[in-house]
Amino acid sequence: MSHASGKPAKMLLAQSQAQFLNRQMNLPFDVAAYLDATLLATAANLGLTERGFDPEVRVADPAHGDFQANGALAFAKREKQNPRTVAQQLVDPLEVLREHFDIALAGPGFINFRLKPPALLGWLQAYDSEEHLRAGAANAHAGQTWVVDYSSPNTAKQMHVGHLRSAVIGEAICRLLAFTGAKVIRDNHLGDWGTQFGKLIYGYKRWVDDEALLTQPIEELERLYKLGHAATPDGSPELEEARRELVQLQSGDPKSLALWKKFSDVSLAAFEQIYARLGIHFDHNLGESFYNDKVERVYRELTAMGLAQVSEGALVVFHPEHPRFAKQPFLIRKADGASNYASTDLATALYRTEHFKADGIVVVTDFRQADHFEQLYLTARKWFAAKGYHVPALHHVTFGAVTAEDGKALKTRDGDVIKLKALLDEAEERAFALVTAKSPDVPEEERREIARIVGVGSVQYADLAQNRSSNYVFSWDKMLALDGNTAPYLLYAVTRVRSIFRKAGLDPARPPVEGASAPETPQELVLARKLVQFADAVKISTDHLRPHFLCLYLFELAGAYSGFYAADKVIVDDPAVRARRLLLCHRTLVTLETGLHLLGLRTLERM
RNA sequence: GGAUCUGUAGCUCAAUUGGAUAGAGCACUUGGCUUCGAACCAAGGGGUCGGGGGUUCGAGUCCCUCCAGAUCCGCCA
């Protein structure tokens, strides 16, 4: 090797080292996870990890820092050591972090980390688009397949307000899982099989109005079911006739099946109209009927392995180790030999595991089914493990009831359940009135479009913004309010950012941010810190399958932006200041829109 | 009868699941637009976290026990 070629080689080496160091200078997407890993490595060098040290890094109260590590406290307690000494031991070797963070010990042994302004700038420069945010978040569930079962209405009935939460929460969860790298399969587990079809066919054969069936199919089917139900009182010969219709259907009579298929098709077409407005599209509509021929295997395998037993003529599963389900049976086949909800749900869990190769299954229903799903999952885990099947993560995502402001069930003035279509229509009407009042100069066609996005988005957001465990009080005034943790407030923040770019004649997709200096004013710093926390918001929302964490984050981000907007003028003469403020505006826009899209909302140019 | 969930400011809700002085919005009081959208911002008052015990460095969060509401508990889904 010549002298001449040696020098460039050395230079190349130095260059690559510099590049490596340069890469090291950029913080990763999830700063909390980075701190956690660094502390864990430090603890390992000190020999603390084999004694179970966990750094416990989380986002901190801004008064203390950006992130805090609480692990020294729990560890010191267990090991009967002084927590401050443990924390000090951990902090001393952390020179590598001091480039980016101010580090301080506080209280009984908290370790506080505050990002330095240049580090904030570096992070914001790296994560500059929805695509890059997605790439940063995508390793959490990379390579995994998740089946999400939500919405799941009954065919031949209109969707009503009770169906809203499952659809909205389920879709947000799908998007969060997909954003964090999972392959998501959206499965609508329709209630498309059961005893009600006997009465429906009975009514259909006598009173169907073909005209109405074309124009208002589900309304007509509901009318026919009500007629059929009223005409077949208990003990009557008419009821016997309805039962014969059901037996014919279940035994596979082609004419009955064709009728049933027709009911399913018109129902699905009507559901699709609602789903389109909510931004939902299912990959599969595998309802209960799909599992009809798959329940025999459930009976056979569970009986063979001794998990299921016959009791009072029915096939049931007990869980002797469980305080409740040792006594409370899981009834998987009725005494008359018919399948039920439990039989088809077991078959469904198996199908999702075998056919879709699910690593995780999420079912989104209201809290009343909690017992059922606890028994279902207990049974499925034992069954799959015993047979050597893959055992996916099984989650039942529950939510509380929707009530009126008096705490009672939400009803129309006539006492009927409020239909989902009527609810969305009213949301759009109310939003239209609001937009017209606030922006009378916008052309009507655009106001209509704005009203669709604001109206439906408000309904979605109001549902998502609160912890799903509690009951949800439905209030038009609160969900369409312009301030507070609402869709209009967030959408308004988006339009304000866009307006700056529009007024300045700049492309919001490629803002001129070269030469941006690090954030400096109090409002810039608050906003920049909030932007970096997006990673944490996505993580906790996904980990807990609770979208309200993301909502709260977006609300705080919009608040930080509004504070910044009021305090710091963006279009100023100083090029470095203007560039950094444009950068903050742009990252706010990207983060707000990414977050709102994750929740299933659409965003606006102006409103 | 057994069990699960819920109970936080006048109202509607948070609190990253055991962390630092329990936070927002509405309502109320006050201040801020000839200046990038005031559908906004800034500031203020408002709490025995249903009651009572316990666990520990530390509890709205965990345990026990009452009170109130909702829900589930063998042939609906």
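Quick note: numbers below take in every heavy atom, side chains included, and nothing from hydrogens, waters or symmetry partners. Chain A is the first sequence line, chain B the second, and so forth, proteins listed ahead of strands; every chain is numbered from 1.
- For B/G74, the OP1/OP2 oxygens have no side-chain nitrogen or oxygen of A/R333 closer than 4.0 Å.
- Using a 3.5 Å distance cut-off with no hydrogens or angles, the side chains of A/Y461 and A/N485 do pair a donor with an acceptor.
- The C1' atoms of B/G18 and B/G60 are separated by 11 Å, rounded to the nearest whole Å.
- As rounded to the nearest Å, B/U30 and B/C49 have P atoms that lie 31 Å from one another.
- Scanning atom types as modelled, no donor and acceptor separated by under 3.5 angstrom connect the side chain of A/D61 and the base of B/A22.
- When only modelled atom types and interatomic distance are considered, A/S343 and A/N340 share a side-chain donor-acceptor pair under 3.5 Å.
- Comparing the same atom, P, in B/G52 and in B/U61 gives a spacing of 13 Å after rounding to whole Å.
- Across all strands shown, A/Y341 has heavy atoms under 4.0 Å from base atoms, whether or not it also approaches the sugar-phosphate.
- For B/C28, the paired base is B/G44 (Watson-Crick or G-U wobble, both distances below 3.5 Å).
- The nearest whole Å value for the distance from the CG atom in A/L490 to the P atom in B/A39 is 16 Å.
- Defined by atom type and a distance below 3.5 Å, a donor-acceptor pair is present between the side-chain atoms of A/T521 and A/D568.
- A donor-acceptor contact under 3.5 angstrom links the side-chain atoms of A/H544 to the base of B/U17.
- For the C1' atom pair drawn from B/A59 and B/A22, the interatomic distance equals 12 Å after rounding to whole Å.
- With centres under 5.5 Å and a plane angle under 30° as the test, the ring of A/H548 is not stacked against the base of B/A14.
- No side-chain N or O of A/K199 forms a donor-acceptor pair with one of A/Q196 less than 3.5 Å apart.
- For the residue pair A/R546/A/S469, the side-chain donor-acceptor check at 3.5 Å is satisfied.
- With hydrogens and angles left out, the side chain of A/Q466 and the base of B/A14 share no donor-acceptor pair within 3.5 Å.
- A/T495 comes within 4.0 angstrom of a base, heavy atoms only.
- Across the protein-nucleic acid pair, A/F330 atom CZ and B/C72 atom C1' stand 14 Å apart, rounded to whole Å.
- Following rounding to the nearest Å, A/D568 (CG) and B/A42 (P) show an atom-to-atom distance of 12 Å.
- Classified by its glycosidic torsion, B/U29 falls in the anti category, the angle being over 90° from 0.
- Within 4.0 Å (heavy atoms only), A/S470 reaches sugar-phosphate atoms of the nucleic acid but no base atom.
- Taking atom P on both B/G54 and B/A14, the two are 30 Å apart, rounded to the nearest angstrom.
- The side chain of A/R324 places no N or O atom within less than 4.0 Å of a non-bridging phosphate oxygen (OP1 or OP2) of B/G2.
- Side-chain atoms of A/K327 and base atoms of B/G74 include no donor and acceptor less than 3.5 Å apart.
- Both geometric conditions, a ring-centre gap below 5.5 Å and a plane tilt below 30°, are fulfilled for A/F110 over the base of B/A20.
- In this entry B/C5 has B/G69 as its Watson-Crick or G-U wobble partner, both defining distances falling under 3.5 Å.
- A/T603 and A/E593 form a side-chain donor-acceptor contact under 3.5 Å, judged by distance and modelled atom types alone.
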